[in-house]
Structures are given as C-alpha cells and as structure tokens.
Amino acid sequence: MTVRTKCPPVRMMLPLNLGCLVLNLARRQRIRSMFYHAYNSYLNNAFPYDELRPLTCDGQDTWGSFSLTLIDALDTLLVLGNQTEFQRVASLLQDTVDFDIDVNASVFETNIRVVGGLLSAHLLAGRAGMELEPGWPCSGPLLRMAEDAARKLLPAFQTPSGMPYGTVNLMHGVSPTETPVTCTAGVGTFILEFAALSRLTGDPTFEDAARRALSALWKTRSDIGLVGNHIDIVTQKWVAQDAGIGAGVDSYFEYLVKGAVMLQDQELLSMFRAYDGAIQNYTRFDDWYLWVQMHKGTVTMPVFQSLEAFWPGLQSLLGDLDGAVRTFQNYYSVWRQFGGLPEFYSITQGYTVDKREGYPLRPELIESAMYLFRATGDHTYLQFGLDAVESIERIAKTPCGYASVKDLRDHQLDNRMESFFLAETVKYLYLLFDPAHFLHGGGTEGSGSWEEGGDVGQCVLGAGGFIFNTEAHPLDPAALHCCSRSAQERQEIRDILLSLSQPASQSGRPASQEEDLPESQSESIALKPGEKKTRPPLSCPVQPFSARLSVLGQVFSDNT
C-alpha cells in the first residue's frame, strides 16, 4: 500500500527527513533525464524548426519559425543547473533568431512563449554566469530581443477598443482580412510580460497597451459579472457567451492575480475578486467549475477541461487552501482514471468527451501541485508528481522524445511535442521535488541566493518571490522595481531642478506640476470620474524591495 501522507525512507535505518532528501534527489535526476532525452532529440533532429516531431524524428514550424522550443526551454536549462548550455544557447539565439520575417504569428503565443522566455532568460543571465552589461538588468541583449519581439506585436493593439487582434504579421502588421474575433485570454494575457518590459526598459508603451486592453475587457463583463469566451474586438460584442475558467479564458484570470502580486497592484486584485465572486456563485458545483451562459448563469457545458487545472494553484496563491485542495482532488481523480488529463471530461458521465480525448502533456495540474505542496507540505502532491512522471514515461516516451497523447483511452500518440513540455511540464515537475530551489527563495541551484543589479549594484535581485508567467517563465519583481524606481527618481530630480528654474503658479506649485498627467497614467478603473493619479513625492533612492507570494490571503507587502 502506498503511503501518501509521508515521504517513505529509502532504508529503515535512514531518518525520515534524510530519506526524503535522498528520494527527492533521485526523482530530480530522473526528471533531468526526461528533459535531456527530449531536449537532445530536439537539437539533433528538429533545430532550427519550432518543434520536434517525435514519431518521425524531424521538425516543423508551428508558431512563427523562431526556434521556439529552444527559446521556451532556455530558462529550464538554468533551473536544472546547466549554466554552460544556458550560455551557449543564449548566444546562439542572439546570432540566429530574427523577428523581421514575413510570418503570421499568434499574438498570444508569441507573447507568452517568446517574449516571456527571453525576458526570463535575461533576468536569469546573472545567475547563469553570463557577462552582463553595465546597469543590468535594465539593459542586455536578451532584453533587447524581447523588446524587439514585443514591438512586432504592438500593431495588433492599434484598435478602437485597445483589445488586440489574435494574429499579426511580424513584418507587415495586421492583415486587412484578419478576423476581429479573439478569445478572452488573447486579450487579457499581456500585463506580466508587457509591464516587465516597460519597467525594465523605461518605455511605457507596452504596459500602457496591456492595461488599455484589460480596461476594455473589464467594461464588457455581463450584468452578473462574467465574461464570455470570444469577443469581437471592434464592436466589443461577445461572439461566444460561454463563461468559465478553462480554454480561451484561463490565463486572463491568472494574469489578474499574478499581475497584482508582481506589480503590487491592488486594482488588478480587485478585478479578480469581483470575477471570482461571480465564478463561485454561478459556475462552481461541488468544487467542479462548469461552463454557463454569461448573462443568465445557466449551465451550457457540464465539462471539465484540462486547462482548468491551473485553478487550484491560483486559489492557493490567494490563500483559499481548502477550496484549492478539494478542487485539486477532483482533477487528480480524473488523472488517476486515465493516466493523464483529457482535454474535455464530462462531469455528468464520468468519461472523456468525443474528439477531446487527447493529452498533449500539459503542465497545469503539475503547476497546481507545486503551489499546493509549497503551501501545505502534504506529500499527496509529491505522490501525484510521481504518478505524472510514471504516466508520461510509460505512455508518451518515444526513441525520439515525448509525444502528445492523441487518445488517453488506448494511448495512441500524435506526432508532436509542444514546446511547453520543456518550458512548463518538466520544469514544474522538477520544482515540485526541489522545495529549496532558488526560484522558491532557496539556493540549491546556481550561484548564491541573491545578486546585485542596477547602477553600481545598488539593487538586490533574485532573492525569491519569482512570478511565473503562463508559460512557466519566471520573472523577478525586484528587477522591475530596481529599474523603474531608479528611472522614476532620476525623473523626479530632473522635475525638481526644472521647477526651481520656473516661476511658481498662483496655486503655489511649479507650473510644470499642474499639467495633466498623460492619459495612460490618469485613467484608472478604480478611480472616480475626474480623479487622477498624482505623481509620488521624491523618495530615497532605490527603496528596499520586499515581496512575497501570498500566504493565507496576504498578497501585498507593507509599503514601508
């Protein structure tokens, strides 16, 4: 009988905690082997194509022809402790990847995989032992690549509503024939990467675009507080009115929470809290989350989708551990039934949905297990991790990588290995079994537990509190604070010096301070009409940064 509540010792004479350490070390080594089997197969058979085809041992372009798997896997190399290969690949990408190409690319996928992957690699470059530019992390070649890729996406946001098109040509912009219908996640999943870019580079264009899209989407919610699945970004009318937490919507909610934590933004959290109230009222049934009509709240699809498995992890970030545990157990029961999560699962029938029986090696339930293990210490989640490793090895492993499962009922395979297998699935498995990893605030991988950054090394970076984007690329909030705070204070000093040379207005304030703030800084969903954000007072240079992932609902640090 398997003991699920405690980690069993390797030998009876080993103390329990030492036995756990030895077991977890062995498990991490096994997961490393999984990674390198897939990674080396990609390099040997598929590079420079986007993805490996593991059944025919060749490659194919899927999302844009920029060696996508290599970009997506780059930060995983460092997570596994391989600084040498990280340095080699980072240099290789700088020499070989060009975003000025005549390719129609998904705005959403390019953002989370390419922009997110390059940003994460840039922020981890110091720990990887790479030679850094003066002022890093506020400058660097990988940051410039990320900015270049994101700039190619900006034409998609040039719409009356501010909500982006789903596809953009990287050379020519949005096609005149492009459909205006975009999924909700395709509108609301940019604030992490775009705000990171703006705060690292000092260019507000990216964060402004992401916030404008979020604001427009927020205004389209129904009277009962729900959003649908697909929206016309021109007319701002809902085309698909099914409301839920799964495919087409999922990462919108994820980014409201993670954006709130990363940016210390109460407004984003308030938006999510409002949505969550409606979600709990209308879509939750016995800790399953169904699909309902967004205006009426009536059930339209009593199904569970594998992409919904991120939700328990999100609940744990907000401190709702009881709800997270119950929901995770529901999803885990489906995994045990099939050895993986089918794309759709009928809750009423207890079985897969026709033509949705596949499992493309998605990471969402593993991600939730990682968060829940960190929050509870319950070894049930380690047991699930072992189940996941065993299932993937037994069902999906081929001589040339790991293949998506076409049908979980008979374990037929599909000739595709998505880049997220190396970016997310393997990474989250590894981090599940390494609670002392530097990404969790420890220091077992890489050099040291924190780094210096910014001008003359006045910022503390990498000390914990990393935020994972929806492609599992970790972003360091301290780096954003370091670069944006330093730039803001330089601007404040310039403003003060300028004000001293100008005559004071009748109000007693320098005339320059009476001018309206730019629209992007003055508009706020949380402010009353006519109210505007004000510039902060001059503060001490580079205030110390403190942030933590939430514990039992504590999301924001004190503003001291």
Undergrad: Hey, could you give me the CD/OG1 distance between E178 and T167, rounded to the nearest 0.5 Å?
TA: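 The OG1 atom of T167 is 4.5 Å from CD of E178, to the nearest 0.5 Å.
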Undergrad: By side-chain hydrogen bond (donor to acceptor under 3.5 Å, both in side chains), which residues pair with T179, not counting sequence neighbours?
TA: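 T179 satisfies side-chain hydrogen bond (donor to acceptor under 3.5 Å, both in side chains) with no residue once adjacent residues are dropped.
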Undergrad: Which residues pass the salt bridge (charged side-chain N to carboxylate O under 4.0 Å, His left out) test with R221, sequence neighbours left out?
TA: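 Listed in chain order: nothing, the list is empty.
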Undergrad: Let me confirm one number: the OG1-CZ distance from T184 to F253, rounded to the nearest 0.5 Å.
TA: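 T184 OG1 to F253 CZ: 8.0 Å, rounded to 0.5 Å.
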Undergrad: Starting from the C-alpha separation in whole Å, work towards a yes-or-no answer on disulfide (SG to SG under 2.5 Å) for C482 and C138.
TA: CA-CA 8 Å; C482 173; C138 311; 4.8 Å; no
Undergrad: Are the aromatic rings of W218 and Y275 close, with centres under 6.0 Å apart?
TA: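 Centroid separation for W218 and Y275: below 6.0 Å.
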Undergrad: ring-ring contact (aromatic ring centres under 6.0 Å, His included) for F194 and F157? Distances and angles first, verdict last.
TA: CA-CA 12 Å; F194 276 30; F157 290 81; 5.5 Å; yes
Undergrad: S404 side chain to D414 main-chain N or O, any donor-acceptor pair under 3.5 Å?
TA: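 Pair absent, no side-chain N/O of S404 close to backbone of D414.
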Undergrad: With side-chain hydrogen bond (donor to acceptor under 3.5 Å, both in side chains) as the criterion, how do S251 and T470 come out once you've worked through the C-alpha distance, each side chain's angles and the decisive distance to 0.1 Å?
TA: CA-CA 7 Å; S251 53; T470 197; 4.7 Å; no
Undergrad: Short question: side chain of H437, backbone of V79 - any donor-acceptor pair under 3.5 Å?
TA: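 Checked: pair present.
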Undergrad: For A479, give me all partners under side-chain contact (heavy atoms from CB on, under 4.5 Å), at least two apart in sequence or on another chain.
TA: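 For A479 the side-chain contact (heavy atoms from CB on, under 4.5 Å) partners, ignoring immediate neighbours, are L123, P137, L200, L461, D476.
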Undergrad: When you measure from the side chain of S198 to the backbone of D203, do you find a donor-acceptor pair of N or O atoms at a distance under 3.5 Å?
TA: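 At least one qualifying donor-acceptor pair exists.
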Undergrad: Just wondering, are more than 12 heavy atoms of other shown residues or ligands nearer than 6.0 Å to OH in Y49?
TA: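 At most 12 heavy atoms, drawn from other residues, nucleotides or ligands, come within 6.0 Å of this atom.
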Undergrad: Does either side chain, that of Y255 or that of E193, offer a donor lying less than 3.5 Å from an acceptor on the other one?
TA: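 The criterion, which ignores hydrogens and geometry beyond distance, is satisfied for E193 and Y255.
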Undergrad: Identify the two heavy atoms, one from V115 and one from A149, that lie closest to each other, and give their separation to 0.1 Å.
TA: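 Minimum heavy-atom separation between V115 and A149: CG2-CB, 3.9 Å.
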Undergrad: For residues 226-234, run the donor-acceptor check on the side chains, cut-off 3.5 Å, and write out each pair with its distance to 0.1 Å, sequence neighbours left out.
TA:
| residue | atom | partner | partner atom | Å |
| --- | --- | --- | --- | --- |
| N229 | ND2 | A247 | O | 2.9 |
| D232 | OD1 | V234 | N | 2.9 |
| D232 | OD1 | T235 | N | 3.1 |

Undergrad: Search all heavy atoms of M163 against all heavy atoms of A216 and return the closest pair with its distance.
TA: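 In this case the closest contact between M163 and A216 is CG-CB, 3.8 Å.
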Undergrad: Quick check: are there more than 12 heavy atoms from other residues, nucleotides or ligands sitting under 6.0 Å from CG of D102?
TA: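 Enclosed.
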Undergrad: Check salt bridge (charged side-chain N to carboxylate O under 4.0 Å, His left out) between D50 and all other residues, then give those that pass, not counting sequence neighbours.
TA: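 So D50 forms no salt bridge (charged side-chain N to carboxylate O under 4.0 Å, His left out) with any residue.
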Undergrad: Calculate, to the nearest 0.5 Å, the distance between atoms CG and CG belonging to L480 and L475 respectively.
TA: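 Output value for this atom pair is 7.5 Å.
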Undergrad: Can you find a side-chain donor-acceptor pair between S306 and E343 that sits under 3.5 Å?
TA: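 Yes, a side-chain donor-acceptor pair sits under 3.5 Å.
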Undergrad: What is the distance from atom CZ of F190 to atom CZ of F108, rounded to the nearest 0.5 Å?
TA: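 Spacing of CZ (F190) from CZ (F108) equals 7.5 Å.
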Undergrad: For E308 and W288, test the side chains for any donor-to-acceptor distance below 3.5 angstrom and give the result as yes or no.
TA: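 Side-chain D/A pair, E308 to W288: absent.
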Undergrad: Would you say the side chains of Q236 and S161 form a donor-acceptor pair under 3.5 Å?
TA: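 Per modelled atom types, Q236 and S161 side chains form no pair under 3.5 Å.
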Undergrad: Measuring from Y165:OH to T182:OG1, what's the distance to the nearest 0.5 Å?
TA: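 Rounded to the nearest 0.5 Å, the OH-OG1 separation comes to 8.5 Å.
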Undergrad: Which residues satisfy the salt bridge (charged side-chain N to carboxylate O under 4.0 Å, His left out) test with E367, sequence neighbours excluded?
TA: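 For E367, the residues satisfying salt bridge (charged side-chain N to carboxylate O under 4.0 Å, His left out) (neighbours in sequence not counted) are K258.
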Undergrad: Could you grab the distance from atom CG of L314 to atom CD1 of I245, nearest 0.5 Å is fine?
TA: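 If I round to the nearest 0.5 Å, the distance is 9.0 Å.
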Undergrad: What closest approach, in Å, do I71 and L118 show between heavy atoms, and which atom pair accounts for it?
TA: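 For I71 versus L118, the nearest heavy atoms are CG2-CG, 4.2 Å.
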Undergrad: We want to know whether E147 and T201 form a side-chain donor-acceptor pair, criterion being a heavy-atom distance below 3.5 angstrom.
TA: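 Short answer, no.
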